[in-house]
Protein chains: 2
Amino acid sequence: MAKYKAPLRDMRFVLNEVFEADKLWASMPATAEVTSDLVDAILEEGAKVAENELFPLNRTGDEEGCQFNNGDVKTPEGFKEAFTLLSESGWLGLGGNPEFGGQGMPKMLTVLFEEMLYAANTSFALYPALNSGAALCLDNHATEAMKEQLLPAMYEGRWLGTMCLTEPHSGTDLGLIRTKAEPNEDGSFNITGTKIFITGGEHDLTENIVHLVLAKLPDAPAGSRGISLFMVPKFLINEDGSVGERNPAFCGSIEHKMGIKGSATCVMNFDGAKGWMIGEPNRGLACMFTMMNYERLSIGIQGLGLGEVAYQSAMDFAQERTQSRSPTGAKYPEKSADNILVHPDVRRMALNVRAFNEAGRAFASYVGMQLDMSKYHEDAEVRNKAAALVALLTPVTKSYLTDRGLDCTITAQQIYGGQGYIREWGAEQYVRDARIAQIYEGTNGIQAMDLIGRKVVANNGEYVKLFEADIRAFMAEQADNAFVQPYLTKLDASLQTLSHVTEGVLARAKANPEEMGAAAQDYLDLFGLVTYAYLWARMVAVAAPKAADDSSGFYDAKVKVANYFYARILPKAASLAAQVDAGAETLMAIDEALFYAE
Amino acid sequence: MAKYKAPLRDMRFVLNEVFEADKLWASMPATAEVTSDLVDAILEEGAKVAENELFPLNRTGDEEGCQFNNGDVKTPEGFKEAFTLLSESGWLGLGGNPEFGGQGMPKMLTVLFEEMLYAANTSFALYPALNSGAALCLDNHATEAMKEQLLPAMYEGRWLGTMCLTEPHSGTDLGLIRTKAEPNEDGSFNITGTKIFITGGEHDLTENIVHLVLAKLPDAPAGSRGISLFMVPKFLINEDGSVGERNPAFCGSIEHKMGIKGSATCVMNFDGAKGWMIGEPNRGLACMFTMMNYERLSIGIQGLGLGEVAYQSAMDFAQERTQSRSPTGAKYPEKSADNILVHPDVRRMALNVRAFNEAGRAFASYVGMQLDMSKYHEDAEVRNKAAALVALLTPVTKSYLTDRGLDCTITAQQIYGGQGYIREWGAEQYVRDARIAQIYEGTNGIQAMDLIGRKVVANNGEYVKLFEADIRAFMAEQADNAFVQPYLTKLDASLQTLSHVTEGVLARAKANPEEMGAAAQDYLDLFGLVTYAYLWARMVAVAAPKAADDSSGFYDAKVKVANYFYARILPKAASLAAQVDAGAETLMAIDEALFYAE
């Protein structure tokens, strides 16, 4: 049984109780009118859309998939109607710039709404997710005229944006792209080349599609410093803003994939298509990174959303499923067997999923909060610190949330036993849909390299120290909160482990650059684990004092899931540290040819 | 690119060099005529069948799947022809009892052939795998008459066997089954009930199907002590052994699954079908366990085979794929980018897969060797010790090999980047095909409970001590082998960790039976990890002295993969131990109702 109810209670807890968003919003002029009541009403409405409109199309969309027919792409039955409903209700502009018709809602809200979209229907969610990132990129880097031309239509969902980077021979290494941009006399460019893996490159949801395309000018320097960014619309845009002539930006085929089958993954052939440059010549990659960083957090949230819907669906199954008796004797003697949650190992699986989902939600919100501060705070020092934390944490959100997302969907599937493998139960789709999140938008290996390379070694660990200071400030604040002291002791130990490991990598990387790559994945995992320990401590600090007076059990459960995390998940930190400390030697010793031989 | 070449060099290494199979075979009368030359010739031929006949049908079988039509099941195009070829060449009786036409080859050989089958085509491999287990069960528990009636046809592949246990409400908890067996006056029984998830319950490969069915006699005691086992043929068998009247054992439908789409997973309706009892009344589960234990090792090997083909395919991709430069400067300056294996994190992925595959192959062979000794050795003490090791290790083979199998297919898929998610490249099928192995044949949670409960706590750790003694005997033997000493130091430490953890669980389980379930999964993972450290040390002990004189690099690579395992995988033991030591408390503290609430 597949089930999804947006976890509003937990979302409110994170937003209002853990991070006291109201106080933050009130402190910044740009968000002064945002209140938790307003946000709550938006979340309630968002939940209805996700639960009632998108979730029912999730399995049918997976079964039907997208259909390619002679250049056109048909999305699964019901997607267009649902998309029209979403756009007409204004959901596509939720976080958009109010100057161009967006609603200007803070990121702390939009991360929660995004989680609902991904949980309810990941394939569907990708269309608006790419659009929001493309709009953000335009808002940051396009001319006023181009913003006026595009942003209102994109916020209204009349047009949708895409991101065209990858080419057959060039994925991670964008410096290799071959797509060419030849200047025309009117200031436009003719774009020629083939892009692959383009999400929403073609579809039937909107009257126009706005491609953001990386390409090279005729005189461009080699490598990633010779890449420019172009806006290439599917249909040219008339002066009055209406849709004009077809631009030769055609879909050549769509991919047949393991999952996200309702999301059109397109081969796009640009055959002298007209495009307009965004930002400066040869500086396109920097502009594109505005979009990529947006999408990296978003794709992290894909992992979170799928972990949540997988948990709820598995618990819905578990509630009905009886099998064997509790090891301490029958708990449901009136039934022929006990509910499976009497078994410790089934609880272990459920608690693993839950411990990661709830910490993941807090993590996405924490990063959302830093994004809001980096954008809206009046104090430049606060803005800069928040921006540094965002830079540090973005690869962690993408990689750690999606790795845990796959783990969680797999673990949830395991709770079903045999039914988990059967399509009609839905659990296996979550696994297939979660798998891509570790691959696209920069593989998780690339995220790990970004963390250790650009975000740790490049600034000699300064960003990590900022984050540690944030954690230590919380610990100092909590000196009088007796409830949280046992957790802080362990958190302190895990922070020391992280510091020690960071120092080790910094020292080794100076002597040998291969040490960064060798450390990358395990370092990121350790970083994520310590971050989650921090967030669980923050949640306990709020929840534990309230548990005794709460008949719902919400706070009690929160503390007990935290206990599980600290007792049975956090110990992994020691192993990860040892793995990083082991260094590059055993990785690089083996001759490359011996990998290929029989 | 999907690629499979049977890893014959490594198979020979394990068989002839690590375990010196020749000496063992020569020492036991039943295997005295088996030589490594004979076995090698069989492996060569088996490799040809797997590579040339089965592997080409793997992706097409996945795309086409099985078709259900009004009770009949059509396997994918080419399966029937390949099956006929296999049976006519005698492959189905490779490990069968020579008294009834089997070839009586040792398990140490058949585990290697099974690996090839699963690697080349898991869906296909399941048909003979179930048959071999069913034949083994019959050979152990059926009357001479029934064996004569069935075994020659099953070894020849004219008929195929199945295992019918699960019912919709009864999977793990077989005591709940409702299928009834009513005695007829002629000694047969009428079997009535519905079984689900029956692999090969119906298909077009053979003229008859032999179902082994668990059912309850009218006066059966409740629970698992009231289960009997019946042989229920699809077509009744005439006195001359020919196929007669259709028995009402019909396939009601087939499942639509995440993977193994070429394997027919059937709902079987027994509607008063004629059956014959195997073994004693109400003792059927014990008989069925002969088959289940066989299948558990076999399914473990499914994980291994898929890990191997996933590795080879990923390396085939990596050999062609260039992207970015080595962190220490261009390694292939003549190309536009370096091969991806210059990157430490790509090597980490490749070495992870390889370290588990090679240890897994040694593990399956080690257990195969114990099985052969438990069956054929003349010394009862040796037989008994080997049987105890088999009992101890069977749940580990099933669970650890399949968990690593999924990890390995996922990691291999990641090496492809975006192409890993696209069906035509093949990597994603290995993931989907591997996933079921953790679920069926007793979920991996059940295996973990079997290990900690029946195989550790029930005998107060005696079997574990036997295994430790085996490891310590190897360590003592190697006292003069300087090459292996550094590994033995770490192996000793990890053995001590395992002993300490085992003692802790034994002590806690006495006070609280929930401690077993709470420890189960992490304990099994720790057990598997220490076992692999042992096997890597055994491989190093043989390979390291030969490395200097070997121009092929085989032994050198073996030692270096071992170094990787010891440096970067074995550290996980510390965390697993801490997780087990943390006990049941945090698992059981949370109120069951709070798992279900929003």
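Lettering follows sequence order; numbering is per chain, from 1.
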Using a cut-off of under 4.5 Å for heavy-atom pairs, which of [options] has the most such pairs with chain B?
options	answer
A/I196, A/N339, A/V559	A/N339
A/H169, A/Q579, A/Q323, A/R423	A/Q323
A/A582, A/S324, A/A427, A/G553	A/S324
A/Q429, A/R325, A/K3, A/Q419	A/Q419
A/Q414, A/E515, A/R348	A/Q414
A/G418, A/A574, A/G223	A/G418

**Message:** If the condition is salt bridge (Lys or Arg N to Asp or Glu O under 4.0 Å), which residues does A/K261 pass it with, not counting sequence neighbours?
**Reply:** none
**Request:** Provide the closest heavy-atom pair for B/L165 versus B/I198 in the form atom of the first, atom of the second, distance.
**Result:** N-CD1, 4.2 Å
**Item:** Minimal non-hydrogen separation, B/E514 against A/S326, with atom names
**Value:**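 Here B/E514 and A/S326 meet closest at OE2-OG, 4.4 Å.
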**Message:** Side chains of B/Y440 and B/T166, heavy atoms from C-beta outward: is any pair under 4.5 Å?
**Reply:**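 No - every pair of side-chain heavy atoms lies 4.5 Å or more apart.
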**Message:** Do B/K257 and A/E428 have side chains that approach each other closer than 4.5 Å (heavy atoms only, starting at C-beta)?
**Reply:**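 Result no, sub-4.5 Å side-chain heavy-atom pair not found.
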Need one label for [X]: side chain, backbone, both or neither, based on atoms under 4.5 Å from any heavy atom in chain B.
X	value
A/Y564	both
A/L176	side chain
A/L570	neither
A/H343	neither
A/I340	neither
A/V342	both

**Prompt:** Just checking, A/R347 and B/F595: is the charged tip under 6.0 Å from the six-membered ring centre and within 45° of the axis?
**Reply:** no
**Prompt:** Does the ring of B/Y332 carry B/K335 above it, NZ/CZ under 6.0 angstrom from centre and within 45° of its axis?
**Reply:**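 Output yes; distance and angle both within limits.
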Contact leader toward chain A among [options], where contacts are heavy-atom pairs under 4.5 Å:
options	value
B/I422, B/N563, B/D556, B/T265	B/I422
B/A573, B/A578, B/A567	B/A567
B/I436, B/I439, B/V561, B/T172	B/I436
B/E424, B/Q521, B/M349, B/M516	B/Q521
B/A222, B/G453, B/G583, B/A577	B/G583

Does the distance from a Lys or Arg side-chain N to an Asp or Glu carboxylate O, for [X] and [Y], drop under 4.0 Å?
X	Y	answer
B/K560	A/D591	no
A/R432	A/D62	yes
B/K331	B/D338	no

**Request:** Go through the atoms of B/N512 and report whether side chain, backbone, both or neither lie under 4.5 Å from a heavy atom of chain A.
**Result:** side chain
**Message:** Counting only non-hydrogen atoms closer than 4.5 Å, does B/Q413 touch chain A with its backbone (N, CA, C, O), its side chain (CB onward), both, or neither?
**Reply:**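 Both the backbone and the side chain of B/Q413 come within 4.5 Å of chain A.
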**Asked** If only atom types and distance count, is the side chain of B/E167 paired as donor or acceptor with the main-chain N or O of B/L174 below 3.5 Å?
**Response**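 Such a contact is absent between B/E167 side chain and B/L174 backbone.
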**Request:** Answer yes or no: is there a donor N or O on one side and an acceptor on the other, between the side chain of B/R435 and the main chain of A/I410, under 3.5 Å?
**Result:** yes
**Message:** How long is the straight-line distance from OG1 of A/T411 back to CG of A/L406, given to the nearest 0.5 Å?
**Reply:**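 A/L406 atom CG to A/T411 atom OG1 measures 9.0 Å (nearest 0.5 Å).
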**Asked** Could you state the interatomic distance from CD (B/E255) to CD1 (B/I260), rounded to the nearest 0.5 Å?
**Response**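 Nearest 0.5 Å value for the CD-CD1 distance: 10.5 Å.
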**Request:** Check step by step if side-chain contact (heavy atoms from CB on, under 4.5 Å) holds for A/T402 and A/N444.
**Result:** CA-CA 8 Å; A/T402 61; A/N444 284 2; 2.8 Å; yes
**Asked** Among residues 315-322 of chain B, which ones touch chain A with a heavy-atom distance under 4.5 Å?
**Response** B/M315, B/A318, B/Q319, B/R321, B/T322
